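Notes to accompany the following structure.
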Amino acid sequence: MTNNFEGTMKCVVKDKAEKGLTTTTKPIPSDLLNDEVLIKVNYASVCGTDYHIYSYDDWAKKRLSLPFTAGHEFSGEVVKLGSDVTSVKLGDIVSAETHIICGECEFCLRGEGHICENTKIIGVDTDGAFAEYVKIPAINCFVNSKEANPLYLSVQEPLGNAVHTLAEFDIEDKDVVIVGCGPIGLMGVNVAKAYKARKIIAIEVNEYRLNLAKELGADVIINPINEDVIKRVYEETNGRGPDVIGEFSGNKFAIEQAFTYCKPGGKISLLGLPTKDIEIDLANLIVFKGITVYGVVGRKIYDTWYQVKELVDNDLLDFDKIITHVMPMSKIDEAMELMGSGNCGKIVVIPGE
Ligand SMILES: [Zn+2]
Ligand SMILES: [Zn+2]
């Protein structure tokens with residue numbers, strides 16, 4: 001390989017309309033547009049979306065056009081600039097906002113790019129970061145502090161989801177319930193602790209993740225398989241219910257329960273994606289309780305990223321507990337099966353290994 005970053009690179013592609021991913025080599029992207037940059041990927045983290053791509057479920061069948069390189073959560077170093085790029089420099093350590101937004105629709109123009117109507121996603125609609133190199137628009141780069149640990153920086157995009165979910169409402173000195181402790185819910189527990197919630201109650205069916213939630217700051221853990229969730233939440237909140245609920249599970253029953261035990265005047269932030277219709281008594285559980293419901297789409301661009309940066313730069317989170325596995329990218333199948341088992345927090349892979 002030369003200094004011009006020519007030659008081939010290892011990468012993980014989705015090229016077959018069936019379960020699985022293919023580890024292969026491809027040319028290093030050489031066709032940078034004027035507004036794009038080439039990034040050498042240091043670490044890439046594995047997302048639930050990647051698991052959908054791997055397992056090729058109904059969502060993946062409808063959504064994806066093959067082939068493409070998967071992966072979208074990463075940190076890396078800028079090694080090549082398109083001719084018009086001024087917002088980042090060679091050597092910058094960056095992470096990516098994975099939503100490529102149009103900048104021109106009504107929502108982008110009023111500063112709500114997270115709900116852009118023309119959003120494309122890195123590693124879903126474009127070639128992604130399960131590769132030694134990735135090219136993305138310079139405007140999608142978020143420049144990190146040089147001192148920050150690049151391993152930690154690779155999970156800032158999903159962390160941004162957790163921050164967006166919990167930063168929408170004031171949670172300091174409030175009782176907070178985190179529903180669902182997958183990797184983002186676990187981050188949510190840790191973020192709630194960093195934001196000084198009074199009591200953090202975590203709800204999750206997987207014991208491994210429930211225990212991790214405790215280590216990350218949950219004061220109370222509830223496994224719905226063993227306990228009556230509504231009864232226990234009321235017991236832990238003086239019979240009134242929590243002030244704020246972060247919903248990360250997407251589970252129909254967990255969501256319906258959350259609306260039941262939410263405190264009057266409480267706030268519910270919804271990130272999890274249910275696959276079934278939710279049935280709630282809207283009149284009694286939302287209107288007459290005066291509840292505020294917020295739908296979380298991605299990250300606010302770039303407000304959320306600055307909130308994440310503050311948490312990272314001030315060392316307010318337990319990344320060593322959030323990231324439970326670091327593996328060579330060549331073991332991507334193993335990483336995916338581990339993800340599917342639920343016995344992990346965040347898994348990070350090292351491209352080139
Ligand atoms: Zn993701
Ligand atoms: Zn737009």
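Counting convention: from 1, in listed order, for ligands and their atoms alike. Everything quoted here is computed from the prediction, not taken from an experiment.
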Closest contact, heavy atoms only, I347 versus A335: CD1-O, 3.4 Å
Geometry at the Zn ion (ligand 1) - H72 NE2 versus C47 SG angle, rounded to 10 degrees: 100°
Metal-centred angle, SG of C105 through the Zn ion (ligand 2) to SG of C102, rounded to 10 degrees: 110°
Vertex the Zn ion (ligand 2), arms to C116 SG and C108 SG, rounded to 10°: 100°
Euclidean distance, I323 CD1 relative to L186 CG, rounded to 0.5 Å: 12.0 Å
Check: Y294 ring centroid to H164 ring centroid under 6.0 Å: yes
E73 N/O/S atom closer than 2.8 Å to the Zn ion (ligand 1): yes
R198 side chain reached by I171 side chain, heavy atoms, under 4.5 Å: no
